[in-house]
Amino acid sequence: MLSKKGMGVSPSPTMLIDAKAKEMISQGLDVIGFGAGEPDFDTPSHIQEAAIKAINEGHTRYTPAAGTLELKQAICRKLKTDNALEYDPSQIVVSNGAKHSLFNSLAALLNPGDEVLIPAPYWVSYPELVKLNDGIPVIVKASKDNNLKVTAGDLKNALSAKTKALLLNSPSNPTGQVYSKDELKAICDVCCEHNIYVVSDEIYEKLLYDEAIHYSIASFNEKIKELTIVVNGVSKSYAMTGWRIGYTASTAEIAKVMAAIQSHTASNPNSIAQKATLAALDESQKCVGEMLVAFDERRKYMCERIKNIPGLDALTPRGTFYLFVDLSGVIGKSFQGKTLEGCDDFAGQLLESRKVAIVPGSGFGAPNYVRLSFATSMDNIIKGLDRLEAFVNDLQ
Ligand SMILES: *Cc1c(COP(=O)(O)O)cnc(C)c1O
């Protein structure tokens, strides 16, 4: 019999539609995809050049398990400038992407049976990462009245003697919502009072719109800083998803445990990608702003269009590159005689009949929603939304 732990992990449900869409594309069908979980831009050229230089200069060997000192120092500078957080390089662990950082965080924190609070809608990997580390995911449902953000009260109600940690994600994938300073402070108070660790996934911190401001929960006081593992990386801000660099900032004690785990499972993150990340963090940040301008233009267009389709409703994203669309107004309607029972039916029929791929909310713990990414060209967005609108208008 294969491992119970391994067999207990669900394959990513967001991949099902994606696989189907790719199959249709390979058959030559004209599919428009709103599924992208990564920027559609190339990695900025000065970052690419830093990597090429690293190869030419022979930076091709193992590095220290937790990353090179120069990169950890650059991360400390970044955390100070952007997040008002002071860390020493001994508190930083560089890993193979923020997802790996999340895995290491949970591996360092959890004992069998420990409960981890996960606000829903959540990123698909959170519950599985908790299970893989012998923890128990406790889903805390956020209400639409609070823009799909959990409150301190929601978290309090979910506490038990076994609650070990909270997995927080702001700006949030999939909702695009950003927790305000006051909301975070209230959550901080609950965690401090009950000694709950916070794994704070801040990977979208630079993708903010309107007047949204990102605060790292770790910055509020010394106690919460001790309890928090800040998780971040370069994938989303710098269009570097393929490079696989993420990092954590935590107490030196936690960092040491994570580094030991990593040293036996992955050795070190890629040496060349570490050099590229150094360039991303230290050199001009103009590239981030340029991508943001493009994302913002698409965001505004998409929001406007979706809100004008009767039956659909979307939360205006204040961060990330996702639009989370409420289907409550169309679930239960029928398409060509078949009732749409939920978001999976909606996404399935839309793909089959109109060749538009979107991500059903079921994998995010939000069965009446779908996620549309605006990490795709304006041309695609216009064409795809025309098709979506026609599909919804056909529902009976
Ligand atoms: C993309 C993403 C990550 C992982 O990023 P990598 O650095 O590419 O591993 C982590 N958390 C959320 C919420 C994401 O959307």
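As the structure is a computational prediction, the values presented were derived from the model and not from experiment. Just follow the structure's listing: the first ligand is 1, and inside any ligand the first atom is 1.
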message: The test is side-chain contact (heavy atoms from CB on, under 4.5 Å); show your working for N173 and Y322 and say whether it passes.
response: CA-CA 7 Å; N173 175 5; Y322 306 110; 3.4 Å; yes
Apply the test side-chain contact (heavy atoms from CB on, under 4.5 Å) to residues I75 and Y87: give CA-CA distance (whole Å), side-chain angles for both, the deciding distance (0.1 Å), then the verdict.
-> CA-CA 9 Å; I75 291 167; Y87 288 101; over 6 Å; no
**Q.** Verdict with reasoning, L109 to I254, per side-chain contact (heavy atoms from CB on, under 4.5 Å)
**A.** CA-CA 8 Å; L109 291 178; I254 296 174; 4.3 Å; yes
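Applying the 4.0 Å criterion to heavy atoms of K236 picks out, from ligand 1, the atoms 1 (C), 2 (C), 3 (C), 5 (O), 14 (C), 15 (O). In the vicinity of D201, heavy-atom distances shorter than 4.0 Å reach the ligand 1 atoms 10 (C), 11 (N), 12 (C), 13 (C). Annotation for ligand 1: atoms under 4.0 Å from non-hydrogen atoms of G97 are 7 (O), 9 (O).
Judged by the shortest distance from any of its heavy atoms, R244 lies inside the 4.0 Å radius around the atoms of ligand 1. Ligand 1 lies out of reach of G233, whose nearest heavy atom is not under 4.0 Å from it.
Using cut-offs of 30° and 60° for the angle between ring planes, the F324 and F364 rings count as perpendicular.
When hydrogens are left out, the protein atom nearest atom 15 (O) of ligand 1 is Y204 OH, 2.7 Å; that is the closest non-hydrogen contact.
E115 has no carboxylate O lying under 4.0 Å from a charged side-chain N of K164, or vice versa, which leaves the two without a salt bridge.
Within the 4.0 Å heavy-atom criterion, the part of N169 lying near ligand 1 is the side chain and not the backbone. When heavy-atom distances to ligand 1 are checked against a 4.0 Å cut-off, E38 has no atom that comes that close, whether in backbone or side chain.
The closest heavy-atom contact to atom 7 (O) of ligand 1, among the options S172, S101, A98, comes from A98.
The shortest N or O to N or O distance between S235 and ligand 1 is under 3.5 Å. Taking only nitrogen or oxygen atoms, main chain and side chain alike, T241 does not reach within less than 3.5 Å of ligand 1.
Contact detail for N83 and E202: the closest heavy-atom pair is ND2-OE1, 4.2 Å.
With Q274 contributing its side chain and L71 its backbone, the two residues share no donor-acceptor pair below 3.5 Å.
At a cut-off of 3.5 Å, with distance as the only test, a side-chain donor of Y238 or Q285 sits close to an acceptor on the other residue.
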